[in-house]
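Working notes, structure below.
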Amino acid sequence: MTTDDIVARWGLRPVINASGTMTVIGASSARPEVIEAVSAILPRFVEIDALQQVASRTIARLCGAEAGFVTASTAAGITLAVAGAMTGLDRAAIARLPDASGLKYEVAVMAGHLISYGAPVEQAVRLAGAEVVSVGQATSVAEYELEAALSERTAAALYVISHHAVQYGMLSLRRFSEIAHAHGVPVIVDAAAEYGLKCFIEEGADIALYSAHKFLRAPTAGIVAGRRDLVRAAYLQNGGIGRGMKVGKEGIAGTIVALEAWETTDHVAQRAAEAQLLALWQAALAGRPGVTASIVADPTGNPVDRLGVSIDPALAKTTAWNLTSRLAAGTPSIAVRAEALEHGYFELDPCNLDAAEAKIVGEQLVAALEASLGGGAPMTSYAEWFSTRESEIWDIQ
Ligand SMILES: *Cc1c(COP(=O)(O)O)cnc(C)c1O
């Protein structure tokens, strides 16, 4: 690492990302062609509407949509798409939001889809002035329950595809869309972290939303794709509640180039390279006391496998939460996929690091496990660990 490295210059700890596309550590490493496009456009002036027209054509082609545009994030896309479904092209209504008087204002969401992606999806809906109508139970939704939730007040139905969502007992996107359409209700799909681009509109989505900064490896931005009238209505919100969700020219240009690059990426070769990293980690962990490691498929069917690691504290002399905190506190800091630590479980994700970084992850993990066996590492309860962590996030001085 050179001294003019921007991370070192500001005294930041370098992070190796074995967690996937997590926005709290910068989501993804931008593709070289994206970086080139971003630096090429940053010093220039362009008409943003015209640049968004280029984005619209690219999004239409890649996502199988009629039109599209780029916004600040997927979270912004949810708010804008809901707002567009409420107001249509009515400029006065757009200016009045989030006051929803006189508009359809309900958004039907299956209970198992009411997730947090770092903030509640429900809040992104409410920001538009809408209200969420929760459908069914967290683990089971019947078609009649969706039918009953749709009325003359319904502006849209929202479908969330995510590893955070409940993966069983929900209606398929196809059936969800058929039922919503039979009631004249448009379907918005949050596919922020999904690899597939065309499948959501094919399965009935009227609007599909994607993060540009996750698998596409663009700057922080969100993609809104879908039916022309709904896309236009959502885009018009940029002169209303969307003003605080503005995307810059660099976000739009980076997204266009990232979409084009996605089309020509050799996804098979990429997966093979990722399989090698998983094998490296699995070999490093094999036979270690209290450690079980196995390859797990992506819960929503994305073509990415991960290494699932379970820690038995009695044998490993450490816990999953203490171990992953130790990795995060090192230099470089190592981030793992840590959403089920209370179950003594975490995952290593191979999609955001190279072979040299993967080697460091394996070495640091082994070193931390060996230190724990040697009795050097403190073990805390999960509750104790969690309360300390809670006080550390979103704190700024
Ligand atoms: C990451 C994520 C979001 C938020 O995406 P941003 O583009 O970072 O706003 C929303 N929904 C799901 C399912 C996500 O995974």
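Count residues from 1 along the sequence. Indexing begins at 1, ligand by ligand and atom by atom, following the structure's order.
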Contacting atoms of ligand 1, where contact means under 4.0 angstrom from a heavy atom of [X]:
| X | answer |
| --- | --- |
| A193 | 15 (O) |
| S162 | 13 (C) |
| A192 | 2 (C), 3 (C), 10 (C), 11 (N), 12 (C), 14 (C), 15 (O) |
| T23 | 8 (O) |

**Message:** Just to check, does H164 reach to within less than 4.0 Å of ligand 1 when the distance is taken from its heavy atoms?
**Reply:**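 No heavy atom of H164 comes that close to ligand 1.
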**Prompt:** Could a heavy atom of H163 be found less than 4.0 Å from some atom of ligand 1?
**Reply:**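 Checking ligand 1 against H163, which is what was asked, there is no heavy-atom contact under 4.0 Å.
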Nearest protein heavy-atom contact for [atom]: which residue, which atom, what distance?
| atom | value |
| --- | --- |
| atom 15 (O) of ligand 1 | K214 NZ, 2.9 Å |
| atom 8 (O) of ligand 1 | H213 NE2, 2.9 Å |
| atom 10 (C) of ligand 1 | Y117 CD2, 3.2 Å |
| atom 11 (N) of ligand 1 | D190 OD2, 2.6 Å |
| atom 7 (O) of ligand 1 | S211 OG, 2.5 Å |
| atom 9 (O) of ligand 1 | A75 N, 2.9 Å |

Let me have the donor-acceptor pairs involving side chains of residues 114-130, under 3.5 Å, with sequence neighbours excluded, atom names and distances please.
from, atom 1, to, atom 2, distance (Å)
S116, OG, G118, N, 3.1
S116, OG, A119, N, 3.4

With a cut-off of 6.0 Å (strictly less than), are more than 12 heavy atoms of other residues, nucleotides or ligands near [atom1] of [X]?
| X | atom1 | value |
| --- | --- | --- |
| E263 | CD | yes |
| R288 | CZ | yes |
| E36 | CD | no |

**Message:** If only side-chain N and O atoms count, and only distance matters, is there a donor-acceptor pair under 3.5 Å linking H181 with D206?
**Reply:**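 On atom types as modelled, these side chains qualify, holding a pair under 3.5 Å.
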**Asked** Does E363 come within less than 4.0 Å of K359, counting only side-chain N to carboxylate O?
**Response**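 Looking at K359 together with E363, the answer is yes, because their closest N to O distance falls below 4.0 Å.
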**Message:** Just to verify, what does D90 make a side chain to side chain donor-acceptor pair (under 3.5 Å) with, not counting sequence neighbours?
**Reply:**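 Counting only residues at least two positions away or on another chain, D90 forms no side chain to side chain donor-acceptor pair (under 3.5 Å).
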**Message:** Whether the side chain of T154 engages the backbone of S151 through a donor-acceptor N/O pair (distance < 3.5 Å, no angle test) should be reported.
**Reply:**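 Here the side-chain-to-backbone pair exists.
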**Request:** Mark yes or no: K214 above the aromatic ring of Y195, with NZ or CZ under 6.0 Å from the six-membered ring centre and no more than 45 degrees from the axis.
**Result:**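 Output no; distance or angle outside limits.
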**Message:** Heavy-atom distances under 4.0 Å decide this one: backbone, side chain, both or neither, for T74 against ligand 1?
**Reply:**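 Within the 4.0 Å criterion, T74 contacts ligand 1 through backbone and side-chain atoms alike.
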